[in-house]
Amino acid sequence: METNIVSGTGLWAPEESISNAELVESHVVSAEHFNRENAAAIEAEEVEERDPSSVRFIVKASGIHNRHVIDKAGVLDPSRMRPRLPLRANDERSIQCDISLVAVREALARAGREAGEVDALLVACSNHQRPYPAIAVEIQDALGAGGWAYDLNVACSSATFGIQAACDAIANGHARCAVVVSPEITSGHNNFELRDSHFIFGDACTAVVIEGRETCRGKTGFEVLGTRLATRFSNNIRNNFGFLNRCETEPRTPHDKLFRQRGRQVFREVCPMVAKHIEEHLAALGLSAGDLERMWLHQANLGMNQLIARTLLGRDPEPGEAPVILDEYANTSSAGSVIAFHQFHQDLEIGDVGVLCSFGAGYSVGSVVLRKVAI
Ligand code: CO8
């Protein structure tokens with residue numbers, strides 16, 4: 001069976017970013033406005049008063065200091081609180097296609113591959129701009145790639161689920177050079193009006209090139225020792241936006257069609273699930289946490305990552321053992337663990353082993369165990 005290699009990664013992140021202070025300032029203005037407009041209903045206890053957000057809470061609860069977004073002005077405008085994106089005509093490229101091209105081209109350049117050599121392309125992310133034609137097929141066309149392409153969505157775990165699908169396709173002879181791209185425009189479906197979640201997300205797009213060892217052109221790469229996926233149904237992270245909204249006899253509130261979660265429950269339930277998942281995956285490969293040089297974990301919450309690493313290692317992780325990018329990028333959904341890998345793998349030695357792991361809505365967990373190899 002073909003040995004799969006991660007031969008290149010790429011990253012697109014918006015130039016514009018928002019600090020916690022800027023985000024909180026906009027939230028406070030919006031909450032005050034809401035409370036004024038709804039004073040009578042709040043007084044009658046028909047509507048809940050909106051409490052102001054705080055920078056101190058955000059840093060303490062999440063470790064997030066900053067996030068990059070596709071349109072800062074729209075997100076921070078208290079009367080809008082979402083990106084302002086010009087409508088594109090059908091003959092123009094979609095936004096997800098445009099940002100994907102940047103990340104994919106970087107990943108291919110790092111792998112020493114031409115776009116025309118790609119024969120499988122998966123757009124793996126938590127929201128697609130339209131149901132069809134698939135964003136993946138649009139990117140395939142814009143890139144000049146061959147083969148086949150499709151979209152898939154497993155929320156924050158989309159990239160690792162896509163990597164497993166790509167590895168399976170190569171191993172089964174259905175593809176030779178696969179790309180998994182995760183264009184996450186989270187600011188389009190985050191609720192910036194509510195303090196509980198307004199600080200959580202940021203936008204980014206990552207790309208991962210996977211190919212058989214025989215075709216690799218680089219001097220080094222990361223051999224995929226194994227992939228493992230798991231899902232368990234939970235309503236604790238949910239978004240009710242969908243194509244049947246317009247058919248529902250009771251209209252949903254706008255907030256119901258955006259991201260929402262019971263964050264504390266997610267924290268409590270997902271951390272042990274992830275630690276056990278990684279431990280069992282490593283054991284199945286004849287490895288243990290002590291063999292890991294690096295953990296590229298999903299970037300939702302600093303406390304979650306520290307707890308998962310501590311559970312696995314039986315001690316606090318050393319600086320750099322579980323790299324953090326959420327301080328700068330916030331939760332970029334499925335792109336997060338790939339950004340951590342993209343930015344923190346160059347220093348590893350041949351033979352070093354690491355695990356890339358995502359987790360989130362579903363619930364879903366995906367792990368990819370990687371070993372640096374000379375080609
Ligand atoms: N400022 C001040 N106070 C606040 C704020 C704020 N911004 N937000 C909440 N509070 C208050 C609460 O109201 C609460 O007050 P009280 O005790 O009076 O009720 C108090 O602070 C404590 O609130 P929490 O219990 O919610 O605080 P936590 O310590 O649990 O921290 C976190 C909240 C940071 C959300 C934390 O629970 C967490 O990170 N949990 C894990 C969440 C997670 O990993 N989720 C994964 C989501 S991503 C995913 O799966 C992909 C989805 C698809 C992408 C969607 C893109 C939009």
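Counting starts at 1 for both ligands and their atoms, following the listed order.
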Practice prompt. May I ask you to list the atoms of ligand 1 that are less than 4.0 angstrom from any heavy atom of Gln261?
Written response: 35 (C), 42 (C), 43 (C), 45 (N), 46 (C), 47 (C)
Worksheet item: Can a donor-acceptor pair be found between the side chains of His281 and Ser367 at a distance below 3.5 Å?
Response: yes
Worksheet item: In Å, rounded to the nearest 0.5 Å, how long is the span from CG of Leu302 to CG of Leu307?
Response: 11.0 Å
Worksheet item: Looking at atom 18 (O) of ligand 1, what's its closest protein heavy atom, distance included?
Response: Arg195 NH2, 5.0 Å
Worksheet item: At what distance is the nearest protein heavy atom to atom 56 (C) of ligand 1, and which residue and atom is it?
Response: His189 CE1, 3.1 Å
Worksheet item: Do you know which of Asn331, Asn305, Val270, Ile308 makes side chain to side chain contact (heavy atoms under 4.5 Å, CB included) with His298?
Response: Asn331
Worksheet item: Of all the non-hydrogen atoms in the protein, which one sits nearest to atom 31 (O) of ligand 1, and at what distance?
Response: Ala61 CB, 3.6 Å
Practice prompt. Among all protein heavy atoms, pick out the one at the shortest distance from atom 21 (O) of ligand 1; state its residue, atom name and that distance to 0.1 Å.
Written response: Phe57 CE1, 3.1 Å
Fill in: Asn331 neighbourhood, listing ligand 1 atoms whose heavy-atom distance to it stays under 4.0 Å
48 (S)
Worksheet item: Against heavy atoms of Ser126, which atoms of ligand 1 measure under 4.0 Å?
Response: 53 (C), 54 (C)
Discussion item. Donor-acceptor pair, distance only, cut-off 3.5 Å: does the side chain of Gln261 make one with the backbone of Val266?
Written reply: no
Item to complete: Provide, to 0.1 Å, the distance between atom 24 (P) of ligand 1 and the closest protein heavy atom, together with that atom's residue and name.
Response: Arg264 NH2, 4.1 Å
Fill in: Any N or O of Met304 closer than 3.5 Å to N or O of ligand 1
no
Practice prompt. Using modelled atom types only, decide if a donor and an acceptor are shared between the side chain of Glu193 and the backbone of Ala31 within a distance under 3.5 Å.
Written response: no
Worksheet item: Looking only at non-hydrogen atoms, which of Cys156, Ser54, Gly303, Ser62 approaches atom 48 (S) of ligand 1 most closely?
Response: Cys156
Discussion item. I want to know if ligand 1 touches Ser333 in the polar sense, i.e. an N/O pair below 3.5 angstrom.
Written reply: no
Worksheet item: Does a side chain donor of either Asp151 or Tyr132 reach within less than 3.5 Å of an acceptor in the other side chain?
Response: no
Practice prompt. May I ask you to test the Met295-Leu312 pair for a side-chain heavy-atom distance under 4.5 Å?
Written response: yes
Worksheet entry | Residue among Tyr329, Phe259, Phe192 satisfying side chain to side chain contact (heavy atoms under 4.5 Å, CB included) with Phe201 | Phe259
Worksheet item: Do Asn190 and ligand 1 have an N or O pair less than 3.5 Å apart?
Response: no
Worksheet item: Can you list the ligand 1 atoms lying under 4.0 Å from a non-hydrogen atom of Ile237?
Response: 46 (C), 47 (C), 50 (O)
Practice prompt. Compute whether any side-chain donor of one residue and acceptor of the other, for Glu184 and Ser126, lie under 3.5 angstrom apart.
Written response: yes
Item to complete: Give a yes or no on whether atom 13 (O) of ligand 1 lies under 4.0 Å from any heavy atom of the protein.
Response: yes
Worksheet item: What distance do His174 atom NE2 and Asp168 atom CG have between them, rounded to the nearest 0.5 Å?
Response: 9.0 Å
Discussion item. We want to know whether Ser358 and Thr160 form a side-chain donor-acceptor pair, criterion being a heavy-atom distance below 3.5 angstrom.
Written reply: yes
Response to the item:
closest protein heavy atom to atom 50 (O) of ligand 1 is Ala361 N, 2.8 Å
Worksheet entry | For Ala300, the ligand 1 atoms whose distance to one of its heavy atoms is below 4.0 Å | 44 (O)
Discussion item. Between Leu122 and Val181, does the side chain to side chain contact (heavy atoms under 4.5 Å, CB included) criterion hold? Intermediate values first, please.
Written reply: CA-CA 6 Å; Leu122 307 183; Val181 56; over 6 Å; no
Practice prompt. Go through ligand 1 atom by atom and flag the ones less than 4.0 Å from a non-hydrogen atom of Thr186.
Written response: 56 (C), 57 (C)
Practice prompt. Considering only non-hydrogen protein atoms, determine which one is nearest to atom 40 (N) of ligand 1 and report residue, atom name and distance to 0.1 Å.
Written response: Gly263 O, 3.0 Å
Worksheet item: Going by distance alone, is a donor N or O of one side chain under 3.5 Å from an acceptor N or O of the other, for Ser157 and Ser364?
Response: yes
Worksheet item: In the protein, which heavy atom is nearest to atom 36 (C) of ligand 1, and how far is it?
Response: Asn301 ND2, 3.8 Å
Fill in: Test item: protein heavy atom less than 4.0 Å from atom 10 (N) of ligand 1
yes
Discussion item. So if I count the atoms of ligand 1 from 1 in the order they appear, which ones are less than 4.0 Å from some heavy atom of Gly360?
Written reply: 50 (O)
